[in-house]
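Both backbone and side-chain heavy atoms feed into the values below; hydrogens, waters and symmetry mates do not.
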Amino acid sequence: MVLSIDGLDWRYIRDADKLKLKIPNIRRLLAHSEYADGVIGVWPTVTWPSHTAIITGARPDQSGILNNGRGTLDPALSYWSANKLKVQTLWQCAGDHGLTTAAVTWPVTMEAKINWNLPEVFIRRNGGSMDLDSVEKYGTPGLVDEITRAYPSFSQQWVDDRTRALATLYLLKHKQPDLILTHFVDLDSEAHDQGPFDTNANAILERTDELIGDLTRALPHNYDFALVSDHGFERIDRVANMKVEAVAAGLPGDIEPMGGIVVTRDQAVANWLRGQSGKPDSDIGREIPHNELIQYAPKLADAVAAFEPADHVLFYGSNATGPAHAAPPEKGDHGFWPLRRDYRSVFLLSGPGVRPGNIGPVEMISLEDKLAAPLGLKCPKPD
């Protein structure tokens, strides 16, 4: 079983004592798991590309999943459908070897060849919840009715982490798939609204820990259990319009804010950004070395320079008008550069034959191999 907690930054676990978190089930897992000292993500560090990287071992430019699913549910128009994938997934690898599979709101699983599937699809959202009507429409026929007969409260309007856990419990008890992928979303939603590592997000994580306890108690004895997440999280205090700032500095040349980084293909702009980097009250943080840039974002190879934002700053600006700074639309966000200091996701693996211990930092694209190993699989990798 693979459980992903969206937005579970490694610091929630690493600094649990400092944050005074009551997460006994995660702490118990940590003590009995092989675990990473933080997972270095892929670019962009957003939900759907990251989840795809976890179960394909491929960067987004290789997998074809470049952003989150959004807009109309027409599979041809967004990243909703598994048919958009350009590489093989762990569930496909398992299926090719005669194993059964299940998924509960895992991204990019609409139209996937999964035995028991409740895909992540929605016409309407309510925080981290999605409308059950959409999930049922595109899920395995009859599966929602089966779960509802076992757990009548499952059929509420919204699919939230409580009902995701009920669906997972049903699959574990009644189907026992060889591989099950479950995606919890409520922590990510709360961290966007209220900021990470604070009272409200911490409370959601403590509630999530209770659900993890329910799942691990129901886990058949021969199952391995993996806890993963898709990206880290940062508190946002302000957003900076870099196009406005560049024009004010007399540099109307090429500058491309991309949320967690700013990129330029203009040498004069690059020199100006270098001059701002690291100054007190500057919006500009670390310059990303070019070899690092092309390792994680090959499509940005033509950039002259790229920079991270300063702490608690997010870049924006599609045009050079408006204020240079503004209050953030959300108190927390992700989408930062994968090697940003302390910005890491999570990997824990426990179960029969797993040797507990800290394996140090790992790359997200290495996780598919670690998830395939308990199934006795070695899945193909992209060229």
Side-chain angles (χ1 to χ4, degrees), residues 7 9 41-50 60 66-68 70-71 125 188-198 231-290 292-294 296-297 299-343:
D9 189 293
V42 293
W43 175 258
T45 55
V46 296
T47 298
W48 288 39
S50 299
L66 304 177
N67 213 320
N68 292 341
R70 53 171 57 96
R125 290 292 298 269
D188 176 89
S189 175
E190 196 74 8
H192 277 292
D193 287 347
Q194 300 297 321
F197 316 115
D198 210 340
H231 49 69
F233 234 98
E234 298 285 1
R235 189 188 83 240
I236 306 300
D237 294 338
R238 69 177 186 268
V239 292
N241 187 327
M242 298 312 301
K243 288 182 179 288
V244 167
E245 291 193 37
V247 168
L251 294 163
D254 174 87
I255 188 166
E256 185 179 0
M258 303 173 71
I261 65 172
V262 62
V263 172
T264 184
R265 294 164 183 83
D266 184 309
Q267 189 61 59
V269 174
N271 291 338
W272 169 69
L273 289 168
R274 287 191 186 102
Q276 301 300 309
S277 177
K279 284 184 175 180
D281 300 323
S282 172
D283 296 317
I284 309 301
R286 180 183 75 107
E287 181 172 4
I288 300 167
H290 193 71
E292 184 180 308
L293 184 70
I294 61 176
Y296 290 90
K299 292 187 176 181
L300 297 179
D302 63 339
V304 172
F307 292 82
E308 297 184 40
D311 289 346
H312 312 302
V313 175
L314 196 67
F315 295 136
Y316 82 111
S318 57
N319 54 63
T321 59
H325 297 98
E330 298 177 314
K331 294 181 180 179
D333 216 331
H334 48 89
F336 292 91
W337 188 245
L339 290 179
R340 185 176 183 83
R341 174 176 47 84
D342 265 357
Y343 176 74

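- We find the CD-CG distance between E234 and D311 to be 7.0 Å, quoted to the nearest 0.5 Å.
- Distance check: L314 CG to I236 CD1 gives 5.0 Å after rounding to the nearest 0.5 Å.
- Remark: R341 does not engage E308 in a salt bridge, criterion side-chain N to carboxylate O under 4.0 Å.
- Atom CH2 of residue W48 and atom CZ of residue R70 lie 10.0 Å apart, to the nearest 0.5 angstrom.
- Remark: the backbone N or O of V46 is paired with a side-chain donor or acceptor of S50 at under 3.5 angstrom.
- Looking only at side-chain heavy atoms (C-beta outward), D333 and H192 come within less than 4.5 Å of each other.
- A donor-acceptor pair under 3.5 Å is absent between the side-chain atoms of R286 and the main chain of R340, judged by distance alone.
- In terms of heavy atoms, G260 sits closest to P309 at O-CD, 3.0 Å.
- When all heavy atoms of V239 and P329 are compared, the pair lying nearest together is CG1-CD, 4.2 Å.
- Pairs passing the ring pair (Phe, Tyr, Trp, His ring centres under 6.0 Å) check and including a residue from residues 307-326, sequence neighbours excluded, do not occur.
- H231 and F336 have their aromatic ring centers separated by at least 6.0 angstrom.
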Inset, instruction - With side chain to side chain contact (heavy atoms under 4.5 Å, CB included) as the test, would you mind laying out the steps for F197 and D9 before giving the verdict? - result: CA-CA 9 Å; F197 316 115; D9 189 293; 3.6 Å; yes

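- Of all non-hydrogen atoms in M258 and V263, the two that sit nearest each other are SD-CG2, 3.8 Å.
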Legend entry - Stepwise side-chain hydrogen bond (donor to acceptor under 3.5 Å, both in side chains) test for T264 and D266: CA-CA 5 Å; T264 184; D266 184 309; 5.3 Å; no

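- The minimum heavy-atom distance between K243 and I255, with the atom names listed, is NZ-O, 3.0 Å.
- Here CG of L339 is found 11.0 Å from CG of L293. Values are rounded to the nearest 0.5 Å.
- Annotation: the span from I261 atom CD1 to M242 atom CE amounts to 12.5 Å, rounded to 0.5 Å.
- Here the CD atom belonging to E190 is positioned 10.0 Å from the NZ atom belonging to K331, to the nearest 0.5 angstrom.
- Under the 3.5 Å distance criterion, with hydrogens and angles disregarded, a donor-acceptor pair is assigned to the side chains of Q267 and N271.
- By the salt bridge (charged side-chain N to carboxylate O under 4.0 Å, His left out) test, D193 is found to be paired with no residue, residues two or more places apart in sequence or in another chain being considered.
- Here the closest non-hydrogen pair linking H290 and A303 is CE1-O, 3.3 Å.
- Closest non-hydrogen pair, W337 versus W43, comes out as CE3-CE3, 3.7 Å.
- Partners of D237 under the side-chain hydrogen bond (donor to acceptor under 3.5 Å, both in side chains) rule, at least two apart in sequence or in another chain, are R235.
- The closest side-chain heavy-atom distance from E287 to L273 is not below 4.5 Å.
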